[in-house]
Amino acid sequence: MIVFDTIDDATKVSDLTLSAVFDFVVMTDYDRGQIFKLPTEKSYLTEDRPLYKFLTGRLEELKLKCGKPAFEIHYGPISSGLWEAGVFDVLTYGERILNVIPRTHYKKRGSENRLKGMDVKEAINLVEKLCGTFSISYSTAYCIAVEKIAGISSEKLSLLRILGLELERVYNHIHSIYRLALAASQKVAVSHLLALEEDVLRLNYKLFGHRYGFGFNRIGSVKLKNTEVNVNKILKEFEELVDELSVSKIFIDRLHGTAKISSSMAVELDTIGVAAKASGLKRDVRAFSPFYEDFEPVVSYDGDSLSRTIVRFEEVKQSLQIIIDILDSINDNTNNINVDVNSGEAISFVESPPGDLLLYLKVENGRIKDIKFRGASEVNYLSFAKSVEGNIFTDYPFALESFGLSFADASR
Amino acid sequence: MWIIRGLKKGIVTTKFPFEISKDEEELVNLGEVEVKKTLPFKKSIHVFFVDAGSCNSCNREVEMMGNPYYDFHRLGIFFTPTPRHADVMLVVGCSESMRDAVAKAYEAMPSPKIIIAVGDCAIDFCKKADVLVRGCPPSPYKIIESILKACSKEVKS
């Protein structure tokens with residue numbers, strides 16, 4: 001994607017998507033594949049957006065002021081349903097959810113501060129552990145940024161990284177579908193989906209030597225143990241499971257109409273990734289990558305949990321097809337480029353499973369001067385919170401799991 | 001039809017911890033278990049899972065213990081949503097902001113109780129842990145092994 005240092009026309013800001021708030025504001029045009037850096041003095045143009053308030057921690061302004069009968073529940077940080085440390089402040093009369101505020105700071109490990117001052121090549125060991133389940137997305141974003149600063153790009157390396165990214169998408173999407181099936185008490189489907197996820201994790205182990213891809217990406221190289229694996233079997237099994245699940249009335253009924261985001265709401269909330277694609281907005285950075293051939297994002301239009309699940313169904317098939325194509329085209333897996341990094345700065349965008357991951361990196365004399373990530377979950381937790389308003393408590397897991405978010409991705 | 005699909009798929013559950021097949025050997029050895037203290041129980045064991053700010057991969061491996069390959073229920077291991085019913089606390093992660101919450105949850109557990117620290121960062125974070133599972137992340141096999149060893153069961157490894 002092309003990066004512009006400033007926006008000439010201030011009125012144009014309202015048409016762009018707010019992507020991140022660092023020392024400057026990052027705005028994205030998903031139709032043309034352009035990124036704009038908005039300097040601090042112009043950030044007032046975006047201050048009214050709910051996402052700006054959410055990212056800058058002005059959570060009190062997002063809270064609904066309500067009379068006495070409504071009460072607040074703090075759901076988390078240790079709870080059986082979430083599997084992760086995070087809190088949702090839920091305002092309710094008893095059954096209907098009026099307002100939700102996600103609080104992600106329980107997962108804050110201070111990793112970005114620890115990265116500052118580290119050697120660029122050594123830092124990758126920590127970067128890939130910021131969010132374990134999206135590890136390949138994080139390390140790919142970092143490697144792309146470093147290689148951009150060094151002025152190097154390699155087609156073969158990019159293709160192999162796409163292999164990692166797509167496998168990560170596959171197992172995370174299957175995991176989200178499994179969680180939805182679990183919430184709908186589809187125990188047989190749960191077992192089949194979990195077995196399939198384990199198959200993909202073992203495939204990861206065979207290919208990369210690690211179940212979550214730690215150690216896969218290195219600056220200037222990619223570690224690939226083996227390329228002779230059977231992906232067709234997974235694709236066939238997944239297609240059969242989708243056929244079974246899409247005729248299961250209980251499953252479909254629980255998802256249909258739950259946690260709806262209309263396309264105008266998605267524009268207002270700057271929603272990205274799977275949630276945006278389910279509302280009819282083609283927000284996928286893979287569409288602008290020169291290494292994906294004729295990539296067309298999967299789109300659905302209803303914006304409810306069912307739409308998001310359909311997008312996931314199709315994306316898993318699409319990703320597995322991409323993996324099969326890449327594995328067919330690889331002749332030898334030797335790849336090693338010498339990268340000398342001196343000074344510079346770069347922005348990189350990578351499509352992680354729930355949405356795009358953004359990284360801003362500044363390097364001075366081979367050491368990290370400034371590094372800032374913006375995970376997809378950071379943005380989409382707000383969309384989830386707004387989408388679940390007006391739904392009832394039994395809809396809560398169907399709303400949350402359909403977004404496929406992670407607290408580790410939202411707070412590092 | 002789900003039933004036909006199930007029959008076609010067959011049994012995928014491994015014989016672990018009683019037997020280890022050739023395919024599993026590599027996966028079984030991802031990690032290392034160290035036991036300092038054991039529980040006086042031998043039959044069923046109830047586990048309370050706490051995330052103390054992990055990177056989410058240990059959480060995923062703990063969740064994967066429930067998949068048909070490992071199926072920890074057959075070994076008498078169950079998750080409980082409340083510390084009041086738990087024998088074992090399974091801790092992953094290392095965020096300082098969770099320290100108070102973890103301490104409170106540990107106090108709420110009835111005695112005898114033990115802590116299992118899963119993953120390298122939890123071992124650093126949780127100095128009081130009675131059973132340590134090294135690995136980043138350790139495989140589900142090793143996590144099951146740690147729970148079984150915590151109640152002095154025989155495990156092949």
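Computation of the quantities below employed the complete heavy-atom set of this structure, encompassing side-chain atoms and omitting hydrogens, waters and symmetry-equivalent molecules. Chain A is the first sequence line, chain B the second, and so forth, proteins listed ahead of strands; every chain is numbered from 1.
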Note to self: Between Leu241(A) and Trp2(B), is there a side-chain heavy-atom distance shorter than 4.5 Å?
What the structure shows: yes

Notebook entry, point to check: With a 4.5 Å limit on heavy-atom distance, are the side chains of Ser95(B) and Tyr106(A) in contact?
Noted result: no

As an exercise, state the distance from [atom1] of [X] to [atom2] of [Y], rounded to the nearest 0.5 Å.
X: Ser57(B); Y: Leu201(A); atom1: OG; atom2: CG; result: 10.5 Å
X: Leu196(A); Y: Lys9(B); atom1: CG; atom2: NZ; result: 6.5 Å
X: Asp409(A); Y: Cys55(B); atom1: CG; atom2: SG; result: 11.5 Å
X: His192(A); Y: Arg5(B); atom1: NE2; atom2: CZ; result: 7.0 Å
X: Glu84(A); Y: Asn56(B); atom1: CD; atom2: CG; result: 4.0 Å
X: Ile78(A); Y: Met98(B); atom1: CD1; atom2: CE; result: 4.5 Å

Shorter than 4.5 Å, heavy atoms on both sides: which option in [options] has the most such pairs with chain B?
options: Glu197(A), Glu198(A), Glu240(A), His210(A); value: Glu198(A)
options: Ala195(A), Ser406(A), Ser248(A), Ser111(A); value: Ala195(A)
options: Tyr205(A), Phe214(A), Phe407(A); value: Tyr205(A)

[X] versus chain A, the contacting section by heavy-atom distance below 4.5 Å:
X: Leu27(B); result: side chain
X: Ala105(B); result: side chain
X: Pro140(B); result: side chain
X: Cys136(B); result: both
X: Thr82(B); result: neither

Taking side chain as everything from C-beta outward and backbone as N, CA, C, O, which of these in [X] sits under 4.5 Å from a heavy atom of chain B? Side chain, backbone, both or neither.
X: Tyr178(A); result: side chain
X: Lys129(A); result: both
X: His105(A); result: backbone

Next item on the list: Kindly determine whether Leu30(B) and Arg211(A) satisfy side-chain contact (heavy atoms from CB on, under 4.5 Å), including the steps that lead there.
Entry: CA-CA 10 Å; Leu30(B) 289 176; Arg211(A) 283 161 65 90; 4.1 Å; yes

Check: More than 12 foreign heavy atoms under 6.0 Å from CG of Asp100(B): is that the case here?
Finding: no

Checklist line | Heavy atoms of other groups near Lys206(A) NZ, more than 12 under 6.0 Å | finding: no

Under-4.0 Å salt bridge between [X] and [Y]:
X: Lys8(B); Y: Glu237(A); answer: no
X: Glu63(B); Y: Arg179(A); answer: yes
X: Glu96(B); Y: Arg109(A); answer: no

Checklist line | Side-chain donor-acceptor contact under 3.5 Å, Tyr69(B) with Asp199(A) | finding: yes

Item checked: Check against side-chain contact (heavy atoms from CB on, under 4.5 Å), Glu26(B) and Arg202(A) -> CA-CA 11 Å; Glu26(B) 257 184 301; Arg202(A) 287 185 181 191; over 6 Å; no

Next item on the list: Just say parallel, tilted or perpendicular for the rings of Trp83(A) and Phe49(B), cut-offs at 30° and 60°.
Entry: tilted

Check: Is the backbone of Ser54(B) close enough, under 3.5 Å, to the side chain of Lys107(A) for a donor and an acceptor to pair up by distance?
Finding: yes

Check: Asn172(A) and Arg60(B): side-chain contact (heavy atoms from CB on, under 4.5 Å), yes or no, with the steps?
Finding: CA-CA 10 Å; Asn172(A) 277 298; Arg60(B) 191 60 70 85; 3.1 Å; yes

